[in-house]
Each structure stands twice: as C-alpha cells, then as structure tokens.
Amino acid sequence: MKKYIALLRGINVGGNSKVEMTKLREVFESLGFQNVSTYINSGNVIFESDAKEAKGLSRKIERALEKAFGFAIKTLVREKKDLDAICKAVPPAWKNGADQKTDVLFLWDEFDKKATLDLLAINEKVDHLQYISGAIVWNIERKHYNQSGMRKFIGTVVYKNMTARNINTVRKLDALMKN
C-alpha cells in the first residue's frame, strides 16, 4: 500500500461547490482506498491504495466525485514522496502569516514543467518563485502584495491548470502523511 494525497480544486470556496467531508471520505472508501482522512474543508484527502502510481487515480476519483456530488471536481493526486520533496525544497523561512504569503501551486501534468514559470507575469523585485517537480512555490512579503504579479494571477492559463495550498497547509499535510 502506498500513501497518496488527493487535492481537490475549488470546493467549499465562497459558498460554492459544497462538499461535506464525511461524504467525501465515504466516496474514497467506496473506491477501495484505505485509511482515508481529510484535512480542513478545502479538499485535501489522504489515503492508501495498492495502485503503483498516481497516474490514473485522478480520473477514477473525478468520476466518482461527479457521480456523488453532481458536479465536476478537478482532482490532482500526488504520492507521499512528492509532497515530501516539495517541503524539503522550500526554504524554511518561507511561511504563510502576517508578514509573508507563500502558496504552493500544484500543477496539472501538462503544466508540470519549469517553463510554466515563463507564463507567470511577475515582478522580479517582490515575487520569489521556485519550480519543484509538480509545483511552483510563490513567496511574497505581504507589504509588497500590490506590486506582486500574484494579484493578477486569477484567470490566467496557469491558474486554470493548478490547485493551490498555502505552505503551512502543505507542511501539515506532509506531516500527516508521515504518521
């Protein structure tokens, strides 16, 4: 059995695409996954599967979620080792809090390449970006947010092909997957 995380895009945001966590766990269990748990309401599901790799799991999960909830939910699946590699590569000083904003943009496969950085309109003076296989990590000081490319990110082609979590959530998910 391998540990995986499913990252659901755009659920329980602004009162839209509501997904109850108990029902979400039940859907994953109905697919034969084991030790299913969720973390916060934003669509983070940790589970174990005898699948050899993450590829293929996303489509299987998306079909089951649409059937259960009545609307499409894009889902990205990553292995425990992928999340661990991201956490190890991000500078420990990069946090999400009162002074900084650090987001991890988990990329859909077709955008999972370093060249995706070139698609982002950034301000090199305030935006700090790092490509790590599977994700782009974006860090800014909150006092510079108005000068950052992050505020113009919504609606871009990259925005439509990723799901984001703040670094604190990613680090917590990594810790939960180690248990």
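Quick caveat: nothing in here was measured; it's all calculated off a predicted structure.
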Report all side-chain donor-acceptor pairs from residues 128-135 shorter than 3.5 Å, counting only partners two or more places apart or in another chain.
unit_1, atom_1, unit_2, atom_2, d
Gln130, NE2, Ala89, O, 3.1
Tyr131, OH, Asp112, OD1, 2.6

inquiry  = Quick check: closest heavy atoms across Arg171 and Val90, and the distance to 0.1 Å?
reply    = NH2-CG1, 3.6 Å
Check: Gly10 main-chain N/O paired with Lys74 side-chain donor or acceptor under 3.5 Å = no
request  = Report whether Ile11 and Trp108 are members of the same hydrophobic cluster (ILVMFWY, side-chain heavy atoms less than 4.5 Å apart, transitive linking).
outcome  = no
message = When you measure from the side chain of Asn44 to the backbone of Tyr39, do you find a donor-acceptor pair of N or O atoms at a distance under 3.5 Å?
response = yes
task = Would you please test Thr156 and Leu119 for side-chain contact (heavy atoms from CB on, under 4.5 Å) and show each step?
result = CA-CA 9 Å; Thr156 66; Leu119 300 175; over 6 Å; no
inquiry  = Quick check for you: to the nearest 0.5 Å, what is the distance between Gln100 atom CD and Ile167 atom CD1?
reply    = 10.5 Å
key: Stepwise side-chain contact (heavy atoms from CB on, under 4.5 Å) check, Met1 with Asn35   = CA-CA 10 Å; Met1 289 292 228; Asn35 298 316; over 6 Å; no
task = Measure across Val77 and Ala54 and return the closest heavy-atom pair with its distance rounded to 0.1 Å.
result = O-CB, 3.5 Å
query = Any donor-acceptor pair under 3.5 Å linking the side chain of Lys80 with the backbone of Met177?
reply = no
ask   = Is there a donor-acceptor contact under 3.5 Å from the side chain of Arg9 to the main chain of Gly43?
value = no
message = Using the rule given for side-chain contact (heavy atoms from CB on, under 4.5 Å), can you reason through Phe71 versus Val19, listing the C-alpha separation, both sets of side-chain angles and the distance that settles it, and then say yes or no?
response = CA-CA 10 Å; Phe71 55 90; Val19 172; 3.9 Å; yes
query = Would Val45 and Ile73 show up in the same hydrophobic cluster when neighbours are defined by side-chain heavy atoms closer than 4.5 Å?
reply = yes
ask   = Can you tell me how far OG of Ser42 sits from CE of Met21, rounded to the nearest 0.5 angstrom?
value = 8.0 Å
query = For Lys52, does its backbone N or O pair with a side-chain atom of Lys2 as donor and acceptor, under 3.5 Å?
reply = yes
request  = Could you give me the CA-CA distance, side-chain angles and deciding distance for Lys160 and Val157, then say whether side-chain contact (heavy atoms from CB on, under 4.5 Å) is met?
outcome  = CA-CA 5 Å; Lys160 294 174 184 175; Val157 68; 5.8 Å; no
inquiry  = Would you say NZ of Lys3 has more than 12 non-hydrogen atoms from neighbouring residues, nucleotides or ligands within 6.0 angstrom?
reply    = yes
inquiry  = Using modelled atom types and a 3.5 Å cut-off, is there a donor and acceptor pairing between side-chain atoms of Glu62 and backbone atoms of Thr75?
reply    = yes
message = Please determine whether residues Ile40 and Leu83 belong to a single hydrophobic cluster, defined as Ile, Leu, Val, Met, Phe, Trp and Tyr linked transitively by side-chain heavy-atom distances below 4.5 Å.
response = yes
note = Smallest heavy-atom separation, Ala68 atom then Val27 atom, equals CB-CG2, 3.5 Å
inquiry  = Tell me the closest heavy-atom pair linking Ala164 and Leu105, and the distance in Å.
reply    = CB-CD2, 3.8 Å
key: side chain to side chain donor-acceptor pair (under 3.5 Å) against Asp84, all qualifying residues, sequence neighbours excluded   = Lys88, Lys178
key: From CD1 (Ile61) to CZ (Phe33), nearest 0.5 Å   = 4.5 Å
query = Charged N to carboxylate O below 4.0 Å: is that the case for Lys55 and Glu53?
reply = no
query = Short question: side chain of Asp174, backbone of Val170 - any donor-acceptor pair under 3.5 Å?
reply = no
ask   = Does the Glu110 side chain pair with the main chain of Asn161, one donor and one acceptor, at a distance under 3.5 Å?
value = no
key: Result of checking Leu76, Thr38, Leu24 against Leu8 for side chain to side chain contact (heavy atoms under 4.5 Å, CB included)   = Leu24
query = Taking atom CD of Glu20 and atom CZ of Phe69, what is their separation to the nearest 0.5 Å?
reply = 7.5 Å
Pairwise distance OG1(Thr169) to CG(Leu7) - rounded to 0.5 angstrom = 10.5 Å
ask   = Do Ile136 and Met162 sit in the same hydrophobic cluster, where Ile, Leu, Val, Met, Phe, Trp and Tyr count as joined when their side-chain heavy atoms come under 4.5 Å apart?
value = yes
request  = Could you tell me whether Asp118 atom CG has more than 12 heavy atoms of other residues or ligands within 6.0 Å of it?
outcome  = yes
query = When clusters are formed by joining ILVMFWY residues with side-chain heavy atoms under 4.5 Å apart, either directly or through shared neighbours, do Tyr145 and Ile122 land in the same one?
reply = yes
message = Check this for me: Arg142, atom CZ, are more than 12 non-hydrogen atoms of other residues, nucleotides or ligands nearer than 6.0 Å?
response = yes
ask   = Which pair of non-hydrogen atoms, one from Val36 and one from Glu29, has the smallest distance, and what is that distance?
value = CG2-CG, 3.8 Å
inquiry  = Using only atom types and a distance under 3.5 Å, with no angle test, would you say the side chain of Arg151 pairs donor to acceptor with the backbone of Asn146?
reply    = yes
key: Flag, side chain of Thr102 to backbone of Lys95, donor-acceptor distance under 3.5 Å   = yes
remark   = Distance col, row Lys81:NZ vs Tyr4:OH, nearest 0.5 angstrom, shows 9.0 Å
